[in-house]
Amino acid sequence: MKPVCVLGNGQLGRMLRQAGEPLGISVYPVGLDAEPEAVPYQHSVITAEIEQWPQTALTQVLEQHPAFINRDIFPRLADRLPQKTLMDDLHLATSPWQPLSSPDEWPDIFARLGDFIIVKRRTGGYDGRGQWRVRPGDEAALPPEIYGECIAEKGILFSGEVSLVGARNRAGECVFYPLTRNHHEEGILRMSVAFPQTQNPLQTQAEQMLGAILTELDYTGVMAMECFVTEDGLLINELAPRVHNSGHWTQNGASVSQFELHLRAILDLPLPQPVVTAPAVMVNIIGTELNTQWLAQPLAHLHWYDKEVRPARKVGHINLTHPDPAQLIVALSGLAQDLPPEYQSSADWAKTILSW
């Protein structure tokens with residue numbers, strides 16, 4: 001099998017490498033500033049763990065490589081303006097929006113989109129960064145340099161946040177994991193809960209939505225779609241053309257992880273429907289030092305990224321899975337005792353979801 005070069009050497013690239021090892025696939029996560037001659041890209045398949053990157057000697061070489069999978073899709077989806085335009089073109093439900101080009105547009109924006117607006121940077125904003133909540137009167141405090149660089153969205157009242165992770169191969173076959181329920185705090189994913197496959201209207205709607213996007217883009221590999229749950233169904237919030245934080249539970253909760261699934265898709269290997277037989281919980285470890293006491297919990301699978309611990313930085317995650325939701329609740333309660341206090345509200349949320 002061909003080796004795989006991953007543009008980016010963060011935790012996603014690292015977990016792609018780990019997923020390739022049992023299959024005999026050599027995966028090379030590479031830093032953006034690596035010297036091109038030090039990277040075995042010539043006969044490799046190229047993928048990426050990030051949506052956008054600066055121009056470096058390496059990226060300029062890889063951008064010309066014919067085996068860079070989804071090369072032209074990354075810049076399209078890294079920018080919220082063409083991303084939202086794609087959803088509108090496909091008639092997929094998303095929050096009403098418009099480009100934000102000038103302060104003079106605010107009267108029209110409030111008239112058209114309502115009195116609660118979310119301003120988002122077109123590129124670069126993630127984990128709650130590069131976003132502003134704006135009500136009439138707040139617009140004067142916005143940084144003047146954002147105009148022309150942002151979109152304005154109607155603020156949505158939603159009952160929950162979910163994501164769908166799926167994959168498509170070159171033959172056009174698509175497979176999907178069960179919808180994952182997500183809990184964010186301060187714009188950062190804190191916990192996810194997934195259940196075995198069930199045929200419910202939201203799962204069907206989400207698969208139709210993401211399937212339409214994958215097909216329209218002629219996309220190969222794993223993509224994640226984040227959605228708001230509303231009274232009228234799902235509204236797409238944003239897309240991530242890569243393996244995704246909310247799919248980390250698949251490492252221990254599915255027959256094929258999202259990382260292996262991505263490698264299978266881009267290397268033209270068999271792409272079966274992943275099987276999920278038990279509920280799973282993923283706990284994001286954010287700005288928290290490693291605590292070996294987490295390993296005392298027998299259901300806990302720790303994935304530590306070996307990164308410098310800084311506030312608001314994702315430094316690891318813990319997966320828990322068990323066929324009995326009651327046992328998962330017990331395990332999560334035990335784990336929460338060894339987590340900082342700021343995790344308690346997310347743990348309570350996850351236990352409520354598992355109790356449904």
Side-chain angles (χ1 to χ4, degrees), residues 11-12 15 118 126-129 131 133 156-165 177-195 202 224-230 237-238 240 243-254 258 276 278-305 307 309-322 324-356:
Q11 66 262 26
L12 299 181
M15 288 185 275
I118 308 295
Y126 64 98
D127 290 344
R129 303 166 191 162
Q131 298 187 14
R133 297 175 177 232
I156 297 298
L157 294 176
F158 55 89
S159 60
E161 297 175 86
V162 298
S163 58
L164 182 69
V165 175
Y177 292 100
L179 272 177
T180 303
R181 295 167 174 84
N182 299 318
H183 187 254
H184 293 77
E185 291 185 4
E186 298 181 352
I188 303 178
L189 179 64
R190 185 69 76 168
M191 287 194 191
S192 294
V193 177
F195 288 90
L202 292 184
M225 178 182 72
E226 295 182 287
C227 299
F228 299 129
V229 180
T230 75
N237 180 28
E238 60 184 25
V243 289
H244 191 256
N245 198 179
S246 67
H248 288 353
W249 63 270
T250 63
Q251 291 173 298
N252 304 103
Q258 64 165 341
V276 178
V281 177
M282 188 279 295
V283 181
N284 241 354
I285 306 301
I286 302 166
T288 300
E289 296 287 347
L290 176 65
N291 182 352
T292 57
Q293 191 58 32
W294 300 332
L295 301 176
Q297 170 51 247
L299 296 185
H301 297 269
L302 174 63
H303 300 262
W304 190 250
Y305 307 155
K307 295 162 61 174
V309 177
R310 297 200 300 261
R313 190 182 202 191
K314 298 171 186 173
V315 292
H317 66 274
I318 299 171
N319 291 331
L320 305 98
T321 183
H322 194 281
D324 183 359
Q327 292 296 314
L328 261 186
I329 291 172
V330 171
L332 185 58
S333 297
L335 179 65
Q337 294 178 9
D338 295 311
L339 291 167
E342 59 265 27
Y343 289 81
Q344 302 309 312
S345 61
S346 295
D348 291 342
W349 167 86
K351 287 186 280 188
T352 299
I353 297 296
L354 290 167
S355 299
W356 286 0

Asker: side-chain contact (heavy atoms from CB on, under 4.5 Å), that's the test. Do S355 and I329 meet it? Break it down for me.
Answerer: CA-CA 8 Å; S355 299; I329 291 172; 3.4 Å; yes
Asker: Tell me, please, which residues at least two apart from Y305 pass ring pair (Phe, Tyr, Trp, His ring centres under 6.0 Å).
Answerer: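 In terms of ring pair (Phe, Tyr, Trp, His ring centres under 6.0 Å), with neighbours along the sequence ignored, Y305 is linked to H317.
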Asker: Give the minimum heavy-atom separation between P178 and V276, together with the two atoms involved.
Answerer: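 So the two residues come closest at CD-CG2, 3.7 Å.
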Asker: Report the distance from atom CD1 of I285 to atom CZ of R313, rounding to the nearest 0.5 Å.
Answerer: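 Reported value, rounded in 0.5 Å steps: 15.0 Å.
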Asker: When you look at F195 and L354, which way does the side-chain contact (heavy atoms from CB on, under 4.5 Å) test go after all the steps?
Answerer: CA-CA 9 Å; F195 288 90; L354 290 167; 4.0 Å; yes
Asker: Looking at every non-hydrogen atom in both residues, tell me the closest pair between G187 and H184 and how far apart they are.
Answerer: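 Minimum heavy-atom separation between G187 and H184: O-CD2, 4.0 Å.
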Asker: Is the shortest side-chain heavy-atom distance between I188 and I286 below 4.5 Å?
Answerer: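 Answer yes - side chains close enough.
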Asker: For the backbone of Q251 and the side chain of N319, can you confirm whether one donor and one acceptor N or O come within less than 3.5 Å of each other?
Answerer: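 It does not hold such a pair.
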Asker: Give the minimum heavy-atom separation between R181 and W349, together with the two atoms involved.
Answerer: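 Of all heavy-atom pairs spanning R181 and W349, the closest is O-CH2, 3.4 Å.
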Asker: State, yes or no, whether a side-chain contact exists between T292 and L302 at a heavy-atom distance under 4.5 Å.
Answerer: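 T292 does not reach L302 side chain to side chain.
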Asker: Who are the salt bridge (charged side-chain N to carboxylate O under 4.0 Å, His left out) partners of R310, not counting sequence neighbours?
Answerer: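 With neighbours one apart ignored, the set is E308.
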Asker: Between V283 and L320, is any pair of side-chain heavy atoms under 4.5 Å apart?
Answerer: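 With C-beta onward as the side chain, the pair touches.
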Asker: Are any of the side-chain heavy atoms of W294 and W304 separated by less than 4.5 Å?
Answerer: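 When only atoms from C-beta onward are counted, W304 and W294 do touch, with a gap below 4.5 Å.
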Asker: G287 and V309: which non-hydrogen atoms are nearest, and at how many Å?
Answerer: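 For G287 and V309, the tightest heavy-atom pair comes out as C-CG1, 3.5 Å.
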Asker: Quick one: do L202 and V162 satisfy side-chain contact (heavy atoms from CB on, under 4.5 Å)? Show the steps, please.
Answerer: CA-CA 10 Å; L202 292 184; V162 298; 5.8 Å; no
Asker: Donor-acceptor pair, distance only, cut-off 3.5 Å: does the side chain of W249 make one with the backbone of V193?
Answerer: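 Between the backbone of V193 and the side chain of W249 there is no qualifying donor-acceptor contact (under 3.5 Å).
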Asker: Could you tell me if the side chain of Y177 sits less than 4.5 Å from the side chain of S246, heavy atoms only?
Answerer: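 Not in contact.
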Asker: Ignoring hydrogens and geometry beyond distance, is a side-chain donor-acceptor pair present between T321 and N252 at under 3.5 Å?
Answerer: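 No donor-acceptor contact under 3.5 Å links the two side chains.
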Asker: Any pair with a residue in residues 345-356 that passes salt bridge (charged side-chain N to carboxylate O under 4.0 Å, His left out), sequence neighbours left out, goes on the list, sorted by first then second residue, please.
Answerer: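 Qualifying pairs: D348-K351.
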Asker: Keeping T180 on the side-chain end and A194 on the backbone end, is there a donor-acceptor pair under 3.5 Å?
Answerer: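 No, T180 side chain to A194 backbone: no donor-acceptor pair under 3.5 Å.
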Asker: Supply the atom-to-atom distance Q293 CD to D338 CG, rounded to the nearest 0.5 angstrom.
Answerer: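 If we round to the nearest 0.5 Å, Q293:CD and D338:CG are 5.0 Å apart.
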Asker: Say you draw a straight line from CD of E226 to CD of E238; how long is it, rounded to the nearest 0.5 Å?
Answerer: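 Answer for the CD-CD pair, E226 versus E238, is 5.0 Å.
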Asker: Kindly write out the residues that satisfy ring pair (Phe, Tyr, Trp, His ring centres under 6.0 Å) with H301, not counting sequence neighbours, or none if the list is empty.
Answerer: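 Scan of H301 (ring pair (Phe, Tyr, Trp, His ring centres under 6.0 Å), adjacent residues dropped) gives none.
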Asker: Are the side chain of Q131 and the backbone N or O of I118 linked by a donor-acceptor pair below 3.5 Å?
Answerer: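 Not a single qualifying donor-acceptor pair exists.
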Asker: Do I318 and M282 have side chains that get closer than 4.5 Å, going by heavy atoms?
Answerer: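 No, every pair of side-chain atoms sits at 4.5 Å or beyond.
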Asker: Taking H248 as the fixed residue, which of H303, Q258, Q11, K314 is the one that meets the side-chain hydrogen bond (donor to acceptor under 3.5 Å, both in side chains) rule?
Answerer: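 Between H248 and the candidates, side-chain hydrogen bond (donor to acceptor under 3.5 Å, both in side chains) is satisfied uniquely by Q258.
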Asker: For Q344 and A336, which heavy atoms make the closest approach, and how far apart are they?
Answerer: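 Here Q344 and A336 meet closest at NE2-O, 3.0 Å.
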Asker: To the nearest 0.5 Å, tell me how far S346 OG sits from L189 CG.
Answerer: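 Answer for the OG-CG pair, S346 versus L189, is 8.5 Å.
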Asker: What residues, two or more places apart in sequence or in another chain, satisfy salt bridge (charged side-chain N to carboxylate O under 4.0 Å, His left out) together with R190?
Answerer: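 R190: salt bridge (charged side-chain N to carboxylate O under 4.0 Å, His left out) contacts with E185.
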Asker: Can you confirm whether I353 sits close enough to V281 that some side-chain heavy atom of one is under 4.5 Å from a side-chain heavy atom of the other?
Answerer: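 No, side chains not in contact.
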Asker: Enumerate the side chain to side chain donor-acceptor pair (under 3.5 Å) contacts for residues 280-290, please, sequence neighbours excluded, ordered by first and then second residue.
Answerer: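 Output for this query lists N245-N284, T288-Y343.
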Asker: At their closest point, which heavy atom of A331 faces which heavy atom of L299, and how far apart are they?
Answerer: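 Minimum heavy-atom separation between A331 and L299: CB-CD1, 3.5 Å.
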Asker: Are the side chains of V243 and M15 in contact, using a 4.5 Å heavy-atom criterion?
Answerer: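 Result no, sub-4.5 Å side-chain heavy-atom pair not found.
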